[in-house]
Amino acid sequence: MPSNPFRTPHPIWLVSSLAATSIGLWLVFWPPDTTAFLLGGPLIGLGSAVAAAQFALVRSLGLERQVAPAELQAWLKVALLVAALAVAIGNAGLLQEGFAGQGALRLGIMALVLMVLYVVSSSLLRVRQGANVVQDERDLQISARAAAYGRAALVFYLVSLTVMLGFSPPERLMWASPPVVAFHLLLAMLIGWVTEYVVILLQYWRDRR
Amino acid sequence: MRGTPIVNAIRRLRFEQGQMTQENLAQSCGVTRQTIIALEAGKYAPSLELAFRIARAFGVGVEEVFVWSDQ
């Protein structure tokens, strides 16, 4: 009977398929001038399918023994939010025409792709964890502490933006069109979330030392 | 992390209870294995409820598992 190719001692399929998915995402989100961007969709599809297969079939990647379920979810959220930040900043020019324009539509599609990837990955993680406890009182305590840091980052960004808009002479605020200000509010929200989940990861890392 | 002034005998009690694994203790207390690891390493002080759950899992009183240490 042929052995299952996914049951390897090392998660080689998982790592290579995640790399393929990342390249696919890169081609879709930042398409090159050549026709290579056509490979983006198939790479995402094939890469995520193979990654999901190995992730679902191989029971011991060693992750569950090292990392708390809530920490794995935090890693996933950081990856999603950093990708969202990169997309938002990398395509900031598209928003110049306002949220009703084609640029905003393209950004919306990218955000949707990221959300679908997050929901699928997050569900896979939950399936792997089965009936085990996924969050306990220590996770909640860590999460509450990190939320305070996230709020602080959000408030800092908003206060800085408010002071800049309120105290700058009008001739120096030509760039501050309503869509750009809206974009900064979106950035403030993303930075608050990224701060929160990075602080969560730092606390788990510190507890392991 | 500075740790907590509450020291515990979880590791010793696990071995006295027939090599109870961290996973088994975690399941019987309704927490993750990583929380048991953090408790044993003195990185986390449990809530009163969790302290009682751990003590019950070993069949002993809370004061036999957790001790306040001034040092």
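Hydrogens, waters and symmetry mates play no part in the numbers below; they use all other heavy atoms, side chains included. Remember, it's a predicted structure, so these values are computed and weren't measured experimentally. By convention in this document, chain letters (A, B, ...) are assigned in the order of the sequence lines, proteins followed by strands, and residues within each chain are numbered from 1.
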More than 12 heavy atoms from other groups under 6.0 Å of OH on A/Tyr149
no
Heavy-atom cut-off 4.5 Å, strictly under: side chain, backbone, both or neither for B/Ala41 against chain A?
neither
Take atom CZ of A/Phe167 as the centre, draw a 6.0 Å sphere, and report whether it contains more than 12 heavy atoms from other residues, nucleotides or ligands.
no
From A/Ile142 atom CD1 to B/Thr35 atom OG1, the distance as rounded to the nearest 0.5 Å
7.5 Å
Given A/Gln141 and B/Tyr44, is the side-chain contact (heavy atoms from CB on, under 4.5 Å) satisfied, shown in steps?
CA-CA 10 Å; A/Gln141 206 177 81; B/Tyr44 176 64; 3.4 Å; yes
Using the side-chain contact (heavy atoms from CB on, under 4.5 Å) rule, take A/Arg206 and B/Lys43 through it: C-alpha gap first, then chi angles, then the decisive distance, then the call.
CA-CA 9 Å; A/Arg206 188 189 59 183; B/Lys43 303 271 182 160; over 6 Å; no
With sequence neighbours left out, write down each residue that passes salt bridge (charged side-chain N to carboxylate O under 4.0 Å, His left out) with B/Arg12, or none if nothing qualifies.
B/Glu16
Which heavy atom in A/Val67 sits nearest to a heavy atom in B/Gln34, and how many Å separate them?
O-NE2, 3.3 Å
If you draw a 6.0 Å radius around CZ in B/Phe52, do more than 12 non-hydrogen atoms from other residues or ligands fall strictly inside?
no
Heavy-atom pair of closest approach, residues A/Pro69 and B/Thr32
CD-CG2, 3.9 Å
Under 4.5 Å from any heavy atom of chain A - which part of B/Glu49:
neither
